[in-house]
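Chain identifiers are assigned alphabetically (A, B, ...) following the order of the sequence lines, protein sequences preceding nucleic acid strands; residue numbering begins at 1 within each chain. Nothing here was measured: the structure is a model prediction, and the numbers come from that model. Note: hydrogens, waters and symmetry copies are ignored here, and every other heavy atom, side chains too, is used.
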There are 2 protein chains.
Amino acid sequence: MVNKELTLDTEEKILQAATKVFERDGYAGARMQVIADEAGMNKALLHYYFRSKEKLFSKIFLEKYNKFFSTLSILADQEMDFFEKIDKVIDSYMEMLIQNPEMPSMLINTITHHPELIQKLNTEGAQKMRSVLQFESEKGNIIAVESLQILTSVVGLCIMPFLAKPIAMHVFKLDMDFYQQVLLNRGPFVKKAVRAILKP
Amino acid sequence: MVNKELTLDTEEKILQAATKVFERDGYAGARMQVIADEAGMNKALLHYYFRSKEKLFSKIFLEKYNKFFSTLSILADQEMDFFEKIDKVIDSYMEMLIQNPEMPSMLINTITHHPELIQKLNTEGAQKMRSVLQFESEKGNIIAVESLQILTSVVGLCIMPFLAKPIAMHVFKLDMDFYQQVLLNRGPFVKKAVRAILKP
DNA sequence: GTCTATAGATAGATAGAC
DNA sequence: GTCTATCTATCTATAGAC
């Protein structure tokens, strides 16, 4: 197996470079010229392959986020204890976040600048999870509350330290290593927190 | 007292119009021409009063967010029961969020596009709150865990339904009235949730 | 202070050679 | 498919009249 870098075809090179630049600079801050430089080719080629900046971003965005939502769908369908299932959701969130810490802020930025893309996200996985919560709530296994309150709590608990990283590091004068440790400890903390919240 | 609109001087008119447009469109999406139209005057006047788009945004951003941080500072200093203090923080968050639901996403967008502005935020209030948490944790009144885990949890629980609003409404096919009710019920839910999390 | 007109710069997109 | 050169649109910012 040769070095993957060398075997990438042009389209893949563009997608990889664009992903990097969009993650770092956001949609508005990203420049087609910078993506071209990063991919080691000319600007015109980006348009040859993807027509426009908008279409290039759309492709990357939907692939990234729909992949995560489909993970959610698979988990919802599996036969297992409810709390085990919640733990697996949290694990899957944390794994994704450690690998892609910019995903939450990229999603928020996209809501502001490309609300139409939100309409194209797969909704199945999240819907299934909501049903699971409603079922457990009706059985009395967890607190009786609108399931949206629980869903937003789990998501908020998972992603907040990633969203807040730049502010928290400035406000509390923290270094990268310390903050990274906080992030790595987040999963176990959230699991305990969610159990405490859900107790009827 | 006459209608406030009529008595505003030019500078205030600009600030009000700009606030509205920046909130709705974000910094990158905002247009000086649109702000001028909204304020009922010419584009050149905006530059006459504020020099540049950047300076205009900076002024509005810092005023808005530092005001909230100073509220936090005042609360931290007050003599009262710890859990009462936490409840007041949550009340103050929820009140601000109901009035300004776009504040969290505006802050996230600013982190991406103007990281230098983050450096100018008042840090005192949040630092005091962290000390309060560390003190209670050492006394054994609440769980023993890095105080950042708790701070990010409280903030995350409060703001998540506001950040997630467009996505949640799409994914679960909800109408505005229903979602507004979820937001109004958030405060009491978060108070209970935080108590559950903090129990040693 | 407030306006009209315009300069100046940037960046996405395309034409056309190879 | 890939490149260079260029068009075109957009938007911030300023010059200058009133």
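- B:Y48 comes within 4.0 angstrom of a nucleotide base, judged by non-hydrogen atoms across all strands.
- Applying the side chain to side chain donor-acceptor pair (under 3.5 Å) test to every pair with at least one member in residues 157-185 of chain B, sequence neighbours left out, gives no pairs at all.
- Under the 4.5 Å side-chain heavy-atom criterion for ILVMFWY residues, a single connected hydrophobic cluster contains both B:M176 and B:F172.
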Shorter than 3.5 Å, N or O on both sides, protein versus nucleotides 6-8 of chain C: list them out with atom names.
none

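- The salt bridge (charged side-chain N to carboxylate O under 4.0 Å, His left out) pairs that include a residue from residues 103-130 of chain A are A:D77-A:K128, A:E124-A:K128, A:R130-A:E146, where partners are two or more places apart or lie in different chains.
- Among residue pairs with one or both ends in residues 111-159 of chain B, those qualifying as ring pair (Phe, Tyr, Trp, His ring centres under 6.0 Å) are B:Y27-B:H114, B:F57-B:H114; sequence neighbours excluded.
- Scanning for side chain to side chain donor-acceptor pair (under 3.5 Å) contacts around B:T71 gives an empty result, with sequence neighbours left out.
- Here side chain to side chain donor-acceptor pair (under 3.5 Å) pairs that include residues 190-200 of chain B, with residues two or more places apart or in two chains, are B:D87-B:R195, B:D91-B:K191.
- For the OP1/OP2 pair of D:dT12 and a distance below 4.0 Å, the side-chain nitrogens and oxygens of B:S52 include no atom meeting the criterion.
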For residues 34-42 of chain A, dump all side-chain donor-acceptor pairs below 3.5 Å to protein atoms at least two apart in sequence or in another chain.
residue : atom : partner : partner atom : Å
A:D37   : OD1  : A:Q33   : NE2          : 3.0
A:E38   : OE2  : A:K20   : NZ           : 2.9
A:N42   : OD1  : A:A44   : N            : 2.8

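- The stretch residues 29-38 of chain B has no heavy atom under 4.0 Å from DNA chain C, so no residue of it qualifies as close.
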Each nucleotide N or O in nucleotides 16-18 of chain C that has a protein N or O under 3.5 Å away: list the pair and distance.
none

Listing, residues 94-102 of chain B side-chain donor-acceptor contacts under 3.5 Å, not counting sequence neighbours, or none:
residue : atom : partner : partner atom : Å
B:N100  : ND2  : B:M96   : O            : 3.2
B:E102  : OE2  : B:K64   : NZ           : 3.4

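- Relative to the side chain of A:N42, the nucleotides D:dG1, D:dT4, D:dA13 differ in distance, and D:dT4 lies closest.
- Contacts classified as ring pair (Phe, Tyr, Trp, His ring centres under 6.0 Å) and involving residues 87-106 of chain A (residues at least two apart or in different chains) are given here: A:F68-A:Y93.
- Among residues two or more places apart in sequence or in another chain, the side chain to side chain donor-acceptor pair (under 3.5 Å) test is passed with A:S153 by B:R186.
- In terms of phosphate contacts, B:H47 brings a side-chain nitrogen or oxygen within less than 4.0 Å of OP1 or OP2 of D:dA13.
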